[in-house]
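Okay, so here's the structure we're looking at.
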Amino acid sequence: ETNIPPKWETAAAVDLHDRYFVTATASELEQLVQMLKQLRPLNCEAKHITRIVEFCCDEDSEIGIQATLIPNVEVLRCTLKDDVTTKQGMQRCIDYVREHPGTHVFASIPCTPWSPIQELNIHLHGRSFEEYLKEEQDKSLKLMGKFITLPRIVRSLGGTMCFEWPKGSTGWKEALTLRWIKEFLTKTVLLDGCFFELRSKRTGELIKKPWRFETDNWAILKAFEDSTCIGGHKHQPCEGGETKKPQETTRRSWLGKLF
C-alpha cells in the first residue's frame, strides 16, 4: 500500500500507476513513495488570507474596519477618491484581483437613485427633479457596468462575488442588473435589520430594514439563511436620521457571522 493522497488521482497519476505500480518491485515502489512525500505545494507554509475588494464604499467602511480586527482578512477599499469610473481607478482593482487569485468582491453601489421614495419626490418636485434623478441613475448604471468586470475576472481565478442593495431598490429591476444576475447564476439572500438587532437610536425599537444579497458564495448563503424577521415585535420606521448608515451597524454582525 502506497498511501498516496487522493489528490494525486489525476491523468498523470493514472499514467504513473500504469507504468510503475503494476510492474514495479517493492523497493522501486518504496523509492517512489519517498520521492512523492518530498513534494510540497508552493508557499505551503504561508497563511491563508481572505481578501475582499469592497467596491464602492466609504473611507471608513465597516467591512474595512472589521478586517483590521479579524486575523488574516485583508480588504481593498474602492472609494469615491479612487474613482472606479476612471481607467486608473478600475485598473487598481483589476491588478489586485489578478495578483491575488481567490479574492472576493463585495459591492454596494449607492442605492439612493433607486429608492422607491423617488417616485414621491418626482411628484413633489416635478420635471427638474426627474431629470436630475435620471442623471443619478445613469451614473449608478455606469458604476454597475464597471462592477460587472470584476466578478468576471475574480470568478475565473477562484473567487466569488456578493452584491448588496436594499430589498425594495428599484435598481433590481434594471435590465443591466438582471443581465449579470443571469450571467453569474447568483442566488438571492434576504436579510432583515431587526434580525441583527438594528435599533432606532431615538426610541430603541427594532428597525426592519430589509436587505438583499445576490451572491455565488456558498459560505454567505449558508451563514445568512433564515436571517429575516422572526416576528413578535414592533418595528420603528426607517426614516429621517435613522436611514443614514444602518447597514454599517448590521455589517458588524454579518462579518462576525461570516468569518
>> Run Glu197 and Leu206 through side chain to side chain contact (heavy atoms under 4.5 Å, CB included) and show every step you take.
In response: CA-CA 7 Å; Glu197 288 294 312; Leu206 291 164; 4.1 Å; yes

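- The two residues Pro113 and Gln137 make their nearest non-hydrogen contact at O-NE2, 3.0 Å.
- Hydrophobic clustering of Ile, Leu, Val, Met, Phe, Trp and Tyr side chains at less than 4.5 Å, counting indirect connections, unites Phe195 with Ile207.
- In this pair, Phe163 and Trp172 present their aromatic rings perpendicular. The plane angle is above 60°, beyond the 30 to 60° band.
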> Could you go step by step and tell me if Trp180 and Met144 meet the side chain to side chain contact (heavy atoms under 4.5 Å, CB included) rule?
Replying inline: CA-CA 10 Å; Trp180 66 252; Met144 182 78 78; 3.1 Å; yes

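- The pair Lys139-Glu136 meets the salt-bridge criterion, with a side-chain N (NZ, NE, NH1 or NH2) lying under 4.0 Å from an Asp/Glu carboxylate O.
- Note that OG1 of Thr186 and CD1 of Ile220 are 11.5 Å apart. Values are rounded to the nearest 0.5 Å.
- In this structure, Ile109 and Phe147 approach most closely via the heavy-atom pair CD1-CB, 4.3 Å.
- Qualifying side chain to side chain contact (heavy atoms under 4.5 Å, CB included) partners for Asn121, counting only residues two or more places apart in sequence or in other chains: Ile117, Gln118, His125, Phe129.
- Around atom CD of Glu119, no more than 12 heavy atoms belonging to other residues, nucleotides or ligands sit under 6.0 Å away.
- Crowding of His233 atom NE2: a count of heavy atoms from other residues, nucleotides or ligands under 6.0 Å exceeding 12.
- Distance check, rounded to the nearest 0.5 Å: OG1 of Thr177 to CG of Leu141 gives 7.0 Å.
- Judged by distance alone, the side chain of Ser115 and the main-chain N or O of Thr112 form no donor-acceptor pair under 3.5 Å.
- Taking every heavy atom of both residues into account, Leu143 and Pro110 meet most closely at CD1-CD, 4.2 Å.
- Between the NZ atom of Lys146 and the OG1 atom of Thr85 there is a distance of 7.0 Å, given to the nearest 0.5 Å.
- Partners of Glu183 according to the side chain to side chain donor-acceptor pair (under 3.5 Å) rule, which considers only residues two or more places apart in sequence or in another chain, are Arg152.
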> Does the salt bridge (Lys or Arg N to Asp or Glu O under 4.0 Å) test come out yes or no for Arg127 and Glu131, once each step is laid out?
Replying inline: CA-CA 6 Å; Arg127 180 71 175 177; Glu131 291 175 351; 3.3 Å; yes

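- The backbone N or O of Asp83 lies less than 3.5 Å from a partner atom in the side chain of Thr86, making a donor-acceptor pair.
- Of all non-hydrogen atoms in Ile122 and Leu133, the two that sit nearest each other are CD1-CD2, 3.8 Å.
- Here salt bridge (charged side-chain N to carboxylate O under 4.0 Å, His left out) pairs that include residues 65-82, with residues two or more places apart or in two chains, are Arg51-Glu74, Asp82-Arg92.
- Met161 and Leu176 end up in the same hydrophobic cluster when Ile, Leu, Val, Met, Phe, Trp and Tyr side chains are linked at under 4.5 Å.
- Checking side-chain atoms of Asp58 against main-chain N and O of Asp60 turns up no donor-acceptor pair under 3.5 Å.
- Formation of a donor-acceptor pair under 3.5 Å by the Asn217 side chain with backbone atoms of Ala219 is found in this model.
- Within 6.0 Å of CG on Leu69 lie more than 12 heavy atoms contributed by other residues, nucleotides or ligands.
- Of all the heavy atoms in Lys173 and Leu178, the pair that sits closest is O-CD1, 3.6 Å.
- Without hydrogens or angle criteria, Asp216 side chain to Thr160 main chain gives no donor-acceptor distance under 3.5 Å.
- Although no hydrogens or angles enter the test, the distance criterion places a donor-acceptor pair under 3.5 Å between the side chain of Thr170 and the main chain of Trp114.
- Nearest approach of Gly204 to Arg199, heavy atoms of both residues: O-NH1, 2.9 Å.
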